[in-house]
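Note that this is a predicted model, so its numbers are computed, not measured. Atom set for the values below is all heavy atoms of this structure, side chains included, hydrogens, waters and symmetry mates excluded. So you know, we letter chains A, B, ... as the sequences are listed, proteins then strands, and number each from 1.
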There are 2 protein chains.
Amino acid sequence: MTIGQLAEATGVPASAIRFWERHGLLPVPERRSGQRRYAPEAAERIVVLRTYQQAGLTLEEIREFQRDQPHRQAMIRAKITEIEQRTVDLRHATQLLEHALQCGEEDIVTCPRFRDTMARW
Amino acid sequence: MTIGQLAEATGVPASAIRFWERHGLLPVPERRSGQRRYAPEAAERIVVLRTYQQAGLTLEEIREFQRDQPHRQAMIRAKITEIEQRTVDLRHATQLLEHALQCGEEDIVTCPRFRDTMARW
DNA sequence: GTTCAACTTGAACTAAGGTTCAAGTCAAAC
DNA sequence: GTTTGACTTGAACCTTAGTTCAAGTTGAAC
């Protein structure tokens with residue numbers, strides 16, 4: 001598999017794959033006449049990393065994560081807690097947006113329902 | 001209220017408040033001898049904006065949002081859908097992290113539970 | 001033996017969302 | 001009348017996560 005095929009297979013651009021490799025998120029692949037060659041399993045790793053990233057982990061965190069560190073368990077637990085908080089944030093924003101849909105013509109902030117809703121947080 | 005007091009009250013740094021004002025997210029406040037003076041209601045607006053931001057809206061989107069636009073309802077609905085997708089991403093990452101907690105010693109990607117879990121998405 | 005697509009590199013550039021800095025102003029306290 | 005603390009400005013800087021570019025190589029196809 002070349003980098004282009006891997007990009008195609010995962011939906012992650014080749015430029016990003018090189019970037020991740022340079023920054024230590026991906027193992028250095030075999031080369032044939034200068035070009036990177038990947039085993040099919042490489043795609044799985046990329047997709048997993050992308051999933052972590054979509055959840056808001058930074059590349060730095062994902063990198064740390066792959067090293068079998070002493071603090072790894074604690075890090076993971078902390079991250080889960082953080083994600084729970086972000087889920088709450090998303091729920092709050094959805095509530096604001098739904099109010100905003102209803103108080104259509106008003107300033108999105110002065111709507112009295114906002115105050116009521118936010119008071120409950 | 002001075003900008004420092006507003007920052008204190010909202011938890012948003014004064015530098016960020018100035019930045020938001022420059023970028024059209026906040027109304028231009030009154031000045032007394034050159035300094036910005038805010039009504040107490042200003043704090044509420046700041047907290048609402050921050051909540052939107054924590055949900056992943058860009059400042060540009062938040063700015064658009066405050067102008068009573070023709071497409072506003074559609075924008076809001078699109079945003080709600082986007083947030084739902086992001087909630088799903090968070091749930092996936094939580095699942096990966098929980099597996100990672102259990103397959104403690106292994107490479108976080110080669111754990112077979114990953115493949116099973118991700119196959120269900 | 002040339003053309004072509006896909007790859008290679010390092011360096012520069014982008015975008016968002018701020019923060020930090022230098023240099024200065026202002027009002028109140030002492 | 002000077003010290004203090006909080007404010008003012010524009011400009012420069014920062015981080016994250018890449019993308020884009022120029023210049024070059026490679027193998028396969030024609």
Side-chain angles (χ1 to χ4, degrees), chain A residues 1-39 42-43 45-66 75 79 82-83 86 89 93, chain B residues 1-39 42-43 45-66 75 79 82-83 86 89 93:
Chain A
M1 230 183 193
T2 66
I3 197 170
Q5 288 160 349
L6 186 61
E8 179 80 6
T10 58
V12 177
S15 61
I17 295 176
R18 289 194 204 96
F19 181 85
W20 288 5
E21 181 188 323
R22 265 205 308 290
H23 290 74
L25 279 92
L26 295 175
V28 174
E30 189 196 343
R31 298 259 181 166
R32 267 178 246 169
S33 61
Q35 297 189 5
R36 293 171 181 80
R37 292 302 153 111
Y38 298 91
R45 181 168 301 271
I46 300 229
V47 172
V48 169
L49 300 194
R50 193 59 136 188
T51 303
Y52 281 127
Q53 193 188 22
Q54 277 161 357
L57 277 77
T58 64
L59 297 189
E60 172 65 15
E61 285 168 336
I62 296 170
R63 198 173 60 75
E64 294 278 294
F65 233 73
Q66 292 188 75
M75 274 183 56
K79 218 53 199 162
E82 209 179 300
I83 291 178
R86 305 210 348 90
D89 289 342
Chain B
M1 235 186 190
T2 68
I3 196 169
Q5 288 159 350
L6 185 59
E8 179 80 9
T10 60
V12 176
S15 60
I17 295 176
R18 289 193 203 97
F19 181 85
W20 289 4
E21 181 189 322
R22 265 205 306 291
H23 290 74
L25 280 94
L26 296 175
V28 175
E30 185 196 348
R31 300 255 181 170
R32 266 178 249 169
S33 60
Q35 297 191 2
R36 294 171 181 80
R37 293 302 154 109
Y38 297 91
R45 179 168 302 270
I46 300 228
V47 171
V48 170
L49 299 193
R50 193 57 136 188
T51 303
Y52 280 128
Q53 192 187 22
Q54 277 161 355
L57 277 78
T58 64
L59 297 190
E60 173 64 16
E61 286 168 335
I62 297 170
R63 198 173 59 74
E64 293 281 294
F65 232 72
Q66 292 187 76
M75 277 182 54
K79 219 52 197 161
E82 209 181 298
I83 291 179
R86 294 178 23 71
D89 291 342

- [ ] Look at the side chain of A/P13 and decide which nucleotide, out of C/dT19, D/dT19, D/dT16, has an atom nearest to it.
- [x] D/dT19
TODO: Measure the distance from CD on B/Q53 to P on C/dG18 and round it to the nearest whole Å.
DONE: 4 Å
- [ ] Tell me whether the OP1 or OP2 atom of C/dC7 has a side-chain N or O from A/R36 closer than 4.0 Å.
- [x] no
Open item on the list: Let's see if you can work this out: which of D/dT9, C/dT8, C/dG18 has an atom nearest to the side-chain heavy atoms of B/R18?
Closed with: D/dT9
Open item on the list: Distance check needed: C/dA6 P versus A/R32 CZ, whole Å only.
Closed with: 19 Å
Task: Distance in angstrom units between A/Y52 OH and D/dT16 P, rounded - done: 20 Å
- [ ] Could you state the atom-to-atom distance from NE2 of A/H23 to P of D/dA17 in whole Å?
- [x] 9 Å
Open item on the list: By the 4.0 Å heavy-atom rule, please label B/R31 as base, sugar-phosphate, or nothing.
Closed with: sugar-phosphate
TODO: Output yes when a side-chain donor or acceptor of B/Q35 lies under 3.5 Å from a complementary backbone atom of B/R32, and no otherwise.
DONE: no
Open item on the list: When you compare the side chain of B/T10 with that of B/R50, does any pair of heavy atoms fall below 4.5 Å?
Closed with: no
TODO: May I have the distance from B/E30 (atom CD) to D/dT8 (atom P), rounded to whole angstrom?
DONE: 13 Å
Open item on the list: In this structure, how many angstroms lie between the P atom of C/dA16 and the CG atom of B/L49, rounded?
Closed with: 17 Å
Open item on the list: Regarding A/S15, tell me which of base, sugar-phosphate or nothing describes its non-hydrogen contacts under 4.0 Å with the strands shown.
Closed with: base
Task: First of B/Q5 and A/R22 reached from the 5' end of DNA chain D, by closest nucleotide - done: B/Q5
Task: Steps toward side-chain contact (heavy atoms from CB on, under 4.5 Å) verdict (A/Y38, A/I17) - done: CA-CA 12 Å; A/Y38 298 91; A/I17 295 176; 3.7 Å; yes
Task: Proximal nucleotide (of C/dT8, D/dA6, C/dA27) relative to the B/S33 side chain - done: C/dA27
Task: Neighbour count above 12 (heavy atom, 6.0 Å) for A/E8 CD - done: no
Open item on the list: Less than 4.0 angstrom between a side-chain N/O of B/R37 and OP1 or OP2 of D/dT8, yes or no?
Closed with: no
Task: CG on A/L26 to CZ on A/R63, rounded to 0.5 Å - done: 12.0 Å
Open item on the list: Tell me the interatomic distance from B/E60, atom CD, to C/dG18, atom C1', rounded to whole angstroms.
Closed with: 16 Å
Open item on the list: From the set D/dG18, C/dA27, C/dG17, return the single nucleotide nearest to any side-chain atom of B/L59.
Closed with: C/dG17
- [ ] First locate atom CG of A/L49, then atom CD of A/Q66, and finally report the distance between them rounded to the nearest 0.5 Å.
- [x] 5.0 Å
Task: Interatomic distance, A/F19 CZ vs C/dT9 P [rounded to whole Å] - done: 15 Å
Open item on the list: Any side-chain N or O of B/W20 below 4.0 angstrom from OP1/OP2 of C/dG18?
Closed with: yes
Task: OP1 or OP2 of C/dA16 under 4.0 Å from side-chain N/O of B/T58 - done: no
TODO: Report the nucleotide, chosen from C/dT9, D/dC7, C/dG18, that has the shortest atom-to-atom distance to any side-chain atom of B/Q35.
DONE: D/dC7
TODO: Counting heavy atoms from C-beta on, name the nucleotide in C/dT8, D/dT8, C/dT20 closest to the side chain of A/I3.
DONE: C/dT8
Open item on the list: Considering every strand and a 4.0 Å limit on heavy-atom distances, what is the contact class for B/R50: base, sugar-phosphate, or nothing?
Closed with: sugar-phosphate
